[in-house]
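Worksheet: the structure to be examined is printed underneath.
For clarity, every value in this text was computed on a predicted model and none was experimentally measured. Quick note on labels: first sequence line is chain A, next is B, and so on, each numbered from 1.
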Number of protein chains: 2
Amino acid sequence: MLRPRGLPKPVRRKSAADIEPAVGETRPNGVTHSERLRIEIADQILNGELLPGTPLDETTLAERYGVSRTPVREALRDLAAAGLAVHRPHRGAVVAAVTDVRLQEMFDVMADLEGLCAGYAAENITPAERQDLTLLHATAKELVRKGDLEGYTQANDAFHTFIYAASHNAFLVETAMSVRRRVAPFRRAQFRTLGRLAISHQEHDRVVQAILRGDREAATREMRAHLSSVHHAFQIFSEGR
Amino acid sequence: MLRPRGLPKPVRRKSAADIEPAVGETRPNGVTHSERLRIEIADQILNGELLPGTPLDETTLAERYGVSRTPVREALRDLAAAGLAVHRPHRGAVVAAVTDVRLQEMFDVMADLEGLCAGYAAENITPAERQDLTLLHATAKELVRKGDLEGYTQANDAFHTFIYAASHNAFLVETAMSVRRRVAPFRRAQFRTLGRLAISHQEHDRVVQAILRGDREAATREMRAHLSSVHHAFQIFSEGR
DNA sequence: TTCGCACGCGATGCATACAATGTTTGGGGC
DNA sequence: GCCCCAAACATTGTATGCATCGCGTGCGAA
């Protein structure tokens with residue numbers, strides 16, 4: 001064996017790339033190579049380090065991460081299943097690219113799914129969650145005031161994730177998260193438009209108010225409006241670059 | 001097929017064109033083992049031949065299908081990604097089991113997704129599709145009259161699939177199909193309740209009428225009501241067995 | 001020039017061997 | 001008899017070599 005077990009792994013970012021939530025899974029140690037690779041490559045795709053169309057060569061990746069091709073193949077297969085890559089027999093995998101039409105479709109579905117989450121949340125949110133949501137929302141307001149773009153981006157993610165969870169429908173959460181991961185690279189860009197933070201927070205506010213007063217219809221409507229706005233902001237950014 | 005003259009190279013950098021593997025493209029020659037296995041095992045799960053909780057032993061499956069463990073592993077990984085199996089590190093895969101709560105959640109999401117499809121369809125259906133839908137619906141009516149359970153089951157599948165397609169949102173179609181595959185084993189059982197065929201067709205009729213008159217709200221509502229009814233029928237069957 | 005085809009190279013699919021982990025089981029102590 | 005621990009066993013994870021496929025390349029014919 002030429003290579004030591006503890007290999008130098010390249011720059012571990014925040015790993016928000018959990019592909020399968022796996023309900024009560026508690027395995028702190030003994031993570032397999034294929035899983036680690038899946039998370040790392042997924043993060044790189046989501047962070048924009050691996051651009052759409054980039055070929056994901058098994059051999060190259062195997063060398064880069066110091067493992068054999070086998071775990072790489074399994075990771076790539078998972079990424080393809082999650083929609084982050086496209087895999088074709090005997091032709092390898094590439095980072096998934098999306099056409100304008102498809103992006104539009106994904107945003108539409110995303111808006112409806114998040115609308116559903118918000119609607120469910122309006123009906124199922126618990127008292128404890130109401131407090132947490134209020135707090136989360138107030139914290140975000142502070143970030144807007146300070147113009148903390150990085151902080152607000154994270155708070156925004158947390159906000160949406162929280163509302164998924166408040167729907168109290170685990171399957172819906174998984175479905176929404178799955179779609180969201182695929183739209184994430186495009187969603188992120190919205191905040192580059194100046195003043196978008198404040199608008200985003202205002203829209204969040206309408207969603208929060210609707211949920212807190214248990215108004216399902218309004219929660220759904222406001223969340224969909226918000227997502228529509230996010231899409232619009234992305235388009236503006238997209239055209240102007 | 002003309003190619004522009006004077007250009008030095010066509011530059012076949014497949015960036016966005018061939019993302020989706022073109023659904024109907026079946027090539028009997030050159031299908032990989034892992035894909036064949038994935039399809040066969042998936043069918044067995046969906047047909048109820050492999051019951052939830054059944055362990056999917058790599059070695060056993062490899063021997064049964066006369067291949068090595070490698071393609072079996074890849075097939076199992078795909079099945080896990082599709083939600084048909086559950087995979088846990090160092091512990092193997094088992095056919096996915098669903099609790100009552102989870103099934104409820106899946107039916108809820110399914111109902112909302114199909115409602116969305118119907119709503120989109122009401123807005124986007126083409127004249128040609130209107131004719132086809134009408135024909136499909138009339139054919140099903142005949143099957144109900146004859147009490148052809150097998151035939152109606154297929155027509156029912158075709159009906160729902162058709163409405164997905166009529167939404168003209170490919171991403172929504174994929175999302176809905178993905179969820180549907182996971183609920184399929186339970187959906188199928190509904191027609192064992194006597195008289196369910198006629199009721200199902202009546203509900204379809206309301207959906208069809210709403211779509212044909214372009215009433216998005218009604219189409220969504222009626223489709224959700226239909227799915228709710230399907231779920232109820234399954235519960236009745238489920239309790240009585 | 002342009003098209004067609006055969007050949008060769010590189011990458012992926014698969015098989016097999018080895019390593020690591022989870023589970024089971026059997027023996028000893030309480 | 002019951003519990004605990006450890007070692008053997010069974011099963012999965014990983015590495016490596018060979019087989020197979022796709023695609024580019026270059027030669028030859030129309």
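- For B:Arg180, the side-chain hydrogen bond (donor to acceptor under 3.5 Å, both in side chains) partners are B:Asp157, B:Thr161, not counting sequence neighbours.
- Applying the side chain to side chain contact (heavy atoms under 4.5 Å, CB included) rule to B:Gln44 yields the partners B:Glu49, B:Leu50, B:Tyr65; only residues at least two apart in sequence or on another chain are considered.
- With sequence neighbours excluded, the residues satisfying ring-ring contact (aromatic ring centres under 6.0 Å, His included) with B:Phe159 are B:His204.
- Residues forming a ring-ring contact (aromatic ring centres under 6.0 Å, His included) with A:Tyr152 (at least two apart in sequence, or on another chain): A:Phe191.
- With sequence neighbours excluded, no residue forms a side-chain hydrogen bond (donor to acceptor under 3.5 Å, both in side chains) with B:Glu63.
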Inset, instruction - Heavy atoms under 4.0 Å is the rule here; annotate nucleotides 12-17 of chain C 5' to 3' with B where the base is hit, S where only the sugar-phosphate is, and - elsewhere. - result: BBSBBB

